Amino acid sequence: MAENNAKTLDGRIEGIYKMAKEHFGEVKFVGIKLHKKIGWVAKIQFDEFESLVSEGKDAEDALKNLRKRLKKIIARYNFV
């Protein structure tokens with residue numbers, strides 16, 4: 001039986017959650033939702049910081065964009 005290595009939305013959300021928690025501490029939630037006018041929106045909400053929000057044409061794209069944004073912020077944070 002061959003394993004399916006395709007990433008699921010749940011797996012992507014868990015990865016983003018772990019990355020955010022590792023670098024910033026407490027995370028309230030990471031999630032996605034379909035907004036009527038904007039499209040898919042992915043969001044990380046922190047306890048002590050403002051939320052990070054990203055948009056995409058579908059749920060997977062929104063999560064990918066959010067992960068890219070989070071990586072850029074972490075890289076900038078580590079640079080300073």
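What's counted below: heavy atoms across the whole structure, side chains too, no hydrogens, waters or symmetry copies. Keep in mind that what you see is a predicted model, and the values were worked out from it rather than measured.
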Just how far is it from atom [atom1] of [X] to atom [atom2] of [Y], taken to the nearest 0.5 Å?
| X | Y | atom1 | atom2 | value |
| --- | --- | --- | --- | --- |
| L66 | I44 | CG | CD1 | 4.0 Å |
| L63 | T8 | CG | OG1 | 10.0 Å |
| K7 | E14 | NZ | CD | 12.5 Å |

Can you hop from [X] to [Y] via hydrophobic side chains spaced under 4.5 Å?
| X | Y | result |
| --- | --- | --- |
| V27 | I73 | yes |
| V41 | L34 | no |
| I13 | M19 | yes |
| V53 | I16 | no |
| V30 | F49 | yes |

Note to self: I need the full list of salt bridge (charged side-chain N to carboxylate O under 4.0 Å, His left out) pairs touching residues 22-32, with sequence neighbours left out, sorted by first then second residue.
What the structure shows: K21-E26

Next item on the list: Keeping to residues at least two apart or across chains, list the salt bridge (charged side-chain N to carboxylate O under 4.0 Å, His left out) pairs with something in residues 33-45.
Entry: none

Next item on the list: Of all the heavy-atom pairs spanning A42 and A62, show the shortest one and how long it is.
Entry: CB-O, 3.6 Å

Notebook entry, point to check: If you take all heavy atoms of A20 and F46, which pair is closest and at what distance?
Noted result: CB-CE2, 4.0 Å

Item checked: Of all pairs that satisfy side chain to side chain donor-acceptor pair (under 3.5 Å), the ones with a partner from residues 50-70, not counting sequence neighbours -> R12-E60, E60-K64

